[in-house]
Amino acid sequence: MKEESGEKEVLKTGKRGADFANALLHWNRTENHRQMPWKGEKDPYKIWLSEIMLQQTRVEQGLKYYQNFIEAFPNVHVLAAAPEAKVFKVWEGLGYYSRCRNLMTTASHVSNELNGIFPKTYEELLSLKGVGSYTAAAIGSFAYNLPCAVLDGNVFRVLSRIFGIEAPIDSTQGKKTFSALAQAILPKGQAGEYNQAIMDFGAMICKPSPLCDACFFQQKCTAYVEGKQSILPVKEKKTVLKKRWLNYFIVQCGDEVLVQQRLEKDIWHGLHQFVLIETKKTCKTKQLEVLFQKQYGLENYTIVDDWKTQQHLSHQSVCFHFVHVKLKRKKKVENYTWTKFSDVKELAFPRALQQIVASRLGV
DNA sequence: AATTCGGGGAC
DNA sequence: GTCCCAGAATT
């Protein structure tokens, strides 16, 4: 065995990495009782679906959606053949709706071009719409045991603490560092089990607020030894919140309401909404009525309700102002469609609007 | 390299 | 309130 100084660093990390990997696998086999429907799943369709749904989404939140999806679309051909509106409706409320659009694109691609068979290499998986480095590694390792290390929020947190790495996880250089480390300590031949284990470990033990006393690696963890759990992982960017004022006129006539699909490059792309007047600041109802009448030429209406709510998204704080009005007679309004309540309930709306559909538009 | 895409839960 | 979540696409 050579003991040259140049190799010592690599050897040291390598030994520690192997140490951690072995301890993690042992923990996984003896103490990890976390159960999820897709765990141990070998059907690439189900693995793919679960991974797309769980991007930036907690397991507890995605669970119900996964079950609904599998029931509605049991295989890739059914999903590919399903009407877009129906797929959106099942996705409704889960957020990040580009995932849903990409899901349909890839389902169609796999069903029609690939005979319903998902790719079996990392590069080909990566080429699928909505599949990035994490998801390609997850599908590859879970379905085919490909030696690809996953790198998600859990893995960043675990590795930064165990090895005391302070490179920012949201910088290009930091990502390269963590990616190389993750790949280096991945036990070849056990990639699937290891990837699952490290994410379970991050979700249950090495949480943002960690349970160090329950950790099998406590004494060997840099963060624990140096008391750095709370500063690791390091993030350098702060998200800036923008404020928006979305004023919605819920224009009703009988059992119909004016609805449109959001198609602009903005939040909730693909979902539906009521008659929108966006303003730069909060407005009184009277002011909104002026804009409403001017913009849409509607005058013979009665206001039956008027209320405000607020919703916080990752990058936006949205103030809603709703005005529910009733018309005596239907009138054509450009870009909006008169839609029966029963049909409205088949369409996907943003969360804040969905609640209105559920509670205020008849039974 | 920086921004933008939801919604919910933990703290 | 702030932070984070089985991230990816676009600019």
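Chain A is the first sequence line, chain B the second, and so forth, proteins listed ahead of strands; every chain is numbered from 1.
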Is it the case that the side chain of [X] and the backbone of [Y] share a donor-acceptor pair, with hydrogens and angles ignored and the cut-off at 3.5 Å?
| X | Y | value |
| --- | --- | --- |
| A:His272 | A:Phe349 | no |
| A:Lys89 | A:Leu347 | yes |
| A:Asn28 | A:Leu24 | no |
| A:Gln252 | A:Gly254 | yes |
| A:Lys345 | A:Val357 | yes |

Checking all strands, does [X] fall into the base, sugar-phosphate, or nothing category for heavy-atom contacts under 4.0 angstrom?
| X | result |
| --- | --- |
| A:Thr239 | nothing |
| A:Arg34 | base |
| A:Leu94 | base |
| A:Trp91 | nothing |
| A:Ser50 | nothing |
| A:Lys175 | nothing |
| A:Gly93 | sugar-phosphate |
| A:Val155 | nothing |

5'-most by nearest nucleotide on DNA chain B - A:Thr172 or A:Ser314: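 Taking each residue's closest nucleotide, the earlier one in sequence belongs to A:Thr172.
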Using heavy atoms to find the nearest nucleotide of DNA chain B for A:Gln55 and A:Asp170 separately, return the residue whose nucleotide is more 5′.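 Residue closer to the 5' terminus by nearest nucleotide: A:Asp170.
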Would you call the rings of A:Tyr97 and A:Phe88 parallel, tilted or perpendicular, taking 30° and 60° as the class edges?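 Because their plane-to-plane angle lies in the 30° to 60° range, the rings of A:Tyr97 and A:Phe88 count as tilted.
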Does A:Arg329 count as lying over the ring of A:Trp338, i.e. NZ or CZ under 6.0 Å from the six-ring centre, within 45 degrees of the axis? no
Whether over 12 other heavy atoms sit under 6.0 Å from A:Glu71 CD: no
Are there over 12 heavy-atom neighbours, none belonging to A:Lys120, within less than 6.0 Å of that residue's NZ? yes
Just how far, in rounded Å, is [atom2] of [N] from [atom1] of [X]?
| X | N | atom1 | atom2 | result |
| --- | --- | --- | --- | --- |
| A:Gln56 | B:dG6 | CD | P | 13 Å |
| A:Tyr96 | B:dG8 | OH | P | 13 Å |
| A:Met53 | B:dG7 | CE | P | 15 Å |
| A:Leu241 | B:dC5 | CG | P | 12 Å |
| A:Leu313 | B:dT4 | CG | C1' | 11 Å |
| A:Gln61 | B:dG9 | CD | C1' | 9 Å |
| A:Arg58 | B:dG6 | CZ | P | 18 Å |
| A:Glu264 | B:dT4 | CD | C1' | 14 Å |

Counting only side-chain N and O atoms of [X], is one of them less than 4.0 Å from OP1 or OP2 of [N]?
| X | N | result |
| --- | --- | --- |
| A:Gln311 | B:dG7 | yes |
| A:Gln354 | B:dG7 | no |
| A:Tyr97 | B:dG7 | yes |

Heavy-atom side-chain contact between A:Ile267 and A:Gln316 under 4.5 Å: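 The answer is yes, as the side chains (C-beta and beyond) meet within the 4.5 Å cut-off.
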Using atom P in both nucleotides, what's the gap between B:dG6 and C:dT11 to the nearest angstrom?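 Taking atom P in both B:dG6 and C:dT11, they lie 15 Å apart.
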For B:dT3 and C:dA6, measure between their P atoms and round to the nearest Å.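 To the nearest whole Å, 25 Å.
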Output the residues of residues 187-209 of chain A in contact with DNA chain C, where contact means a heavy atom of the residue under 4.0 Å from an atom of the strand; sort by number or write none. A:Gln196, A:Met199, A:Asp200
Quick check for you: name the first and last nucleotides of DNA chain C, 5' to 3', having an atom under 4.0 Å from a heavy atom of chain A. C:dC4 to C:dT11
Of all pairs that satisfy side-chain hydrogen bond (donor to acceptor under 3.5 Å, both in side chains), the ones with a partner from residues 287-296 of chain A, not counting sequence neighbours: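 Listed once each, the pairs are A:Glu289-A:Tyr301, A:Gln293-A:Tyr301.
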